[in-house]
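The structure appears right after this line, and notes come after that.
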Amino acid sequence: MGLFSRLVVTCMPLIPKPVVGFVAKRYVAGVNLDACVETVKALNAEGAMATIDVLGEAVPNLEKPKEYVEQYDQVFEAIEAEKLDANVSTKPTMLGLNIDEQACIGHYEHLYEKAKQHHNWIRIDMEDHPYTDTTLKIYRMMLEKYGNAGTVLQAYMFRSLKDIAELPEGANIRLCKGIYIEPREIAWRDYQIVRENFVACLDKLFRQGCYVGIATHDDYLVHAGMALVDKYGLKREQYEFQMLLGVKPKLRKMIIDQGHRLRVYVPFGKDWYPYSTRRLRENPDMANHIIRAFFGLS
Ligand SMILES: Cc1cc2nc3c(=O)[nH]c(=O)nc-3n(C[C@H](O)[C@H](O)[C@H](O)COP(=O)(O)OP(=O)(O)OC[C@H]3O[C@@H](n4cnc5c(N)ncnc54)[C@H](O)[C@@H]3O)c2cc1C
């Protein structure tokens with residue numbers, strides 16, 4: 001990353017919100033559900049499945065999760081009414097895990113009931129390490145009680161191989177590198193080590209018979225994933241690749257053209273700003289887009 005790009009990323013909070021919004025458009029399906037439905041229809045038409053995420057993170061009080069729950073209820077209704085090929089992804093802290101575990105579990109019970117009514121399915125995203133144990137605990141509860149549940153493991157965490165060994169039967173796991181900045185004592189930071197642990201985790205998940213969402217835009221890992229699928233002779237229905245909306249659409253097409261199933265993570269909602277700045281910070285190249293937009297060059 002060039003010095004100027006690095007400066008822009010560091011100064012992100014000072015960049016006017018409309019400029020971030022302009023660049024972020026590719027990562028977020030819009031502010032409302034209608035826009036999200038249109039995005040998912042377009043993805044379905046190109047042969048991709050979707051997972052819909054209502055944008056939001058750690059709530060400030062126990063009223064806020066109720067709003068998110070209502071929005072998810074509407075998402076389930078829209079998926080069924082519009083016959084979308086989509087499930088949903090959720091963040092435990094937006095359902096209150098950062099304040100009250102029992103309240104969070106109550107919201108999940110409601111959402112899993114609702115998903116069942118609409119023949120749908122929910123993945124519980126993995127956030128930063130203070131929530132890893134409780135997220136896995138809630139996942140196990142929901143899997144046991146409702147069945148239509150999946151969660152996420154992060155290849156940068158030292159603990160992930162052990163977590164895989166302890167997964168319940170029938171587990172459905174999205175495997176990703178991990179996006180949060182974790183302490184050195186608990187997570188790998190070296191790029192190649194994280195890749196190698198990703199491959200080790202994926203191998204173990206497949207050996208254990210888990211359904212895996214291979215979530216990455218890293219060509220190296222997409223290749224490694226395809227090689228493992230081949231090694232274990234897996235059928236199309238036993239795994240899927242996953243990518244974020246707006247990231248590497250050419251790779252997405254290549255994966256689909258090779259005959260694999262692929263799901264795109266489609267976030268929408270009014271709380272788009274923190275998500276977008278996180279995505280922009282994650283990919284330094286995007287700083288160039290910001291610079292261009294800032295000076296009216298895009
Ligand atoms: C479907 C999905 C769900 C996820 N869910 C979680 C979760 O629950 N918890 C969690 O901690 N993390 C989650 N992540 C994020 C993940 O952990 C990584 O931070 C992220 O995917 C980047 O890692 P990568 O494997 O793509 O490799 P990288 O090495 O980061 O990226 C490979 C290449 O992809 C491109 N790229 C990657 N990210 C971007 C971007 N934002 N914008 C533009 N180009 C980009 C760049 O060209 C980069 O060189 C999820 C990712 C995906 C795809």
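Counting starts at 1 for both ligands and their atoms, following the listed order. Note: hydrogens, waters and symmetry copies are ignored here, and every other heavy atom, side chains too, is used.
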request  = Name the option, out of Gly178, Gly213, Ser89, Ala155, that contains the heavy atom nearest to atom 17 (O) of ligand 1.
outcome  = Gly178

remark   = Under 4.0 Å between heavy atoms, the region of Val152 that gets near ligand 1 turns out to be side chain

message = Side chain or backbone, does His217 bring an N or O within less than 3.5 Å of an N or O on ligand 1?
response = yes

ask   = Any idea which part of Tyr191 is under 4.0 Å from ligand 1, heavy-atom wise: side chain, backbone, both or neither?
value = side chain

task = If the plane angle is over 60° it's perpendicular, under 30° parallel, otherwise tilted; pick one for Phe76 and His118.
result = parallel

request  = Ignoring angles and geometry beyond distance, decide whether Cys176 reaches within less than 3.5 Å of ligand 1 through its nitrogen or oxygen atoms.
outcome  = no

message = Can you name the atoms of ligand 1, numbered from 1 with element, that are less than 4.0 Å from a heavy atom of Leu244?
response = 2 (C), 51 (C), 52 (C), 53 (C)

ask   = What part of Arg263 sits under 4.0 Å from ligand 1 if we count only heavy atoms: the side chain, the backbone, both or neither?
value = neither

key: Carboxylate-amine/guanidinium contact Lys162 Glu166, below 4.0 Å   = yes

ask   = In terms of atom number and element, which parts of ligand 1 are under 4.0 angstrom from non-hydrogen atoms of Tyr180?
value = 11 (O)

inquiry  = Is a donor from one side chain sitting under 3.5 angstrom from an acceptor on the other, for Thr90 and Tyr108?
reply    = yes

ask   = Ala215 heavy atoms, cut-off 4.0 Å: which ligand 1 atoms fall inside?
value = 2 (C), 52 (C), 53 (C)

query = Are any non-hydrogen side-chain atoms of Val194 and Phe198 less than 4.5 angstrom apart?
reply = no

message = Heavy atom to atom 30 (O) of ligand 1, shortest distance: which of Met157, Glu240, Lys177 holds it?
response = Lys177

inquiry  = Below a 4.0 angstrom heavy-atom separation, can you tell me which part of Glu127, side chain or backbone, both or neither, approaches ligand 1?
reply    = neither

contact_flag Phe198 ligand 1 heavy-atom lt 4.0 Å = no

task = Go through the steps for Leu111 and Leu95 under the test side chain to side chain contact (heavy atoms under 4.5 Å, CB included), then give the verdict.
result = CA-CA 10 Å; Leu111 288 180; Leu95 296 178; 3.8 Å; yes

ask   = Which atoms from ligand 1 have a heavy atom of Tyr265 less than 4.0 Å away?
value = 1 (C), 3 (C)

query = What are the atoms of ligand 1, with element, lying closer than 4.0 Å to any heavy atom of Met126?
reply = 7 (C), 8 (O), 9 (N), 10 (C), 11 (O)

Atoms in ligand 1 flagged as close to Gln242, the criterion being non-hydrogen separation under 4.0 Å = 1 (C), 53 (C)

inquiry  = If only side-chain N and O atoms count, and only distance matters, is there a donor-acceptor pair under 3.5 Å linking Tyr211 with Glu240?
reply    = yes

query = Glu67: what forms a side chain to side chain contact (heavy atoms under 4.5 Å, CB included) with it, not counting sequence neighbours?
reply = Lys64, Lys270

request  = Would you kindly say whether Arg174 and Thr51 are connected by a side-chain donor-acceptor distance under 3.5 Å?
outcome  = no

inquiry  = Working note: Tyr72 + Val69, criterion side chain to side chain contact (heavy atoms under 4.5 Å, CB included); need CA distance, chi angles, decisive distance, verdict.
reply    = CA-CA 5 Å; Tyr72 272 113; Val69 167; 5.8 Å; no

task = Using the test side chain to side chain contact (heavy atoms under 4.5 Å, CB included), find all partners of Asp219 that sit at least two apart in sequence or belong to another chain.
result = Lys248, Leu251

task = Report yes if some N/O of Thr216 lies less than 3.5 Å from some N/O of ligand 1; otherwise report no.
result = yes

request  = Quick one: sort the Phe241 and His260 rings into parallel, tilted or perpendicular, breaks at 30° and 60°.
outcome  = perpendicular

message = Suppose I only count heavy atoms of Tyr27 and a 4.0 Å limit; which atoms of ligand 1 are within that range?
response = 40 (C), 42 (N), 43 (C)

inquiry  = With side-chain hydrogen bond (donor to acceptor under 3.5 Å, both in side chains) as the criterion, how do Glu101 and Thr134 come out once you've worked through the C-alpha distance, each side chain's angles and the decisive distance to 0.1 Å?
reply    = CA-CA 8 Å; Glu101 186 179 322; Thr134 35; 5.4 Å; no

task = Give the atoms of ligand 1, by number and element, whose distance to some non-hydrogen atom of Gln154 is under 4.0 Å.
result = 9 (N), 10 (C), 11 (O)

request  = Heavy-atom distances under 4.0 Å are what count here, so tell me which part of Val247 touches ligand 1: side chain, backbone, both or neither.
outcome  = side chain

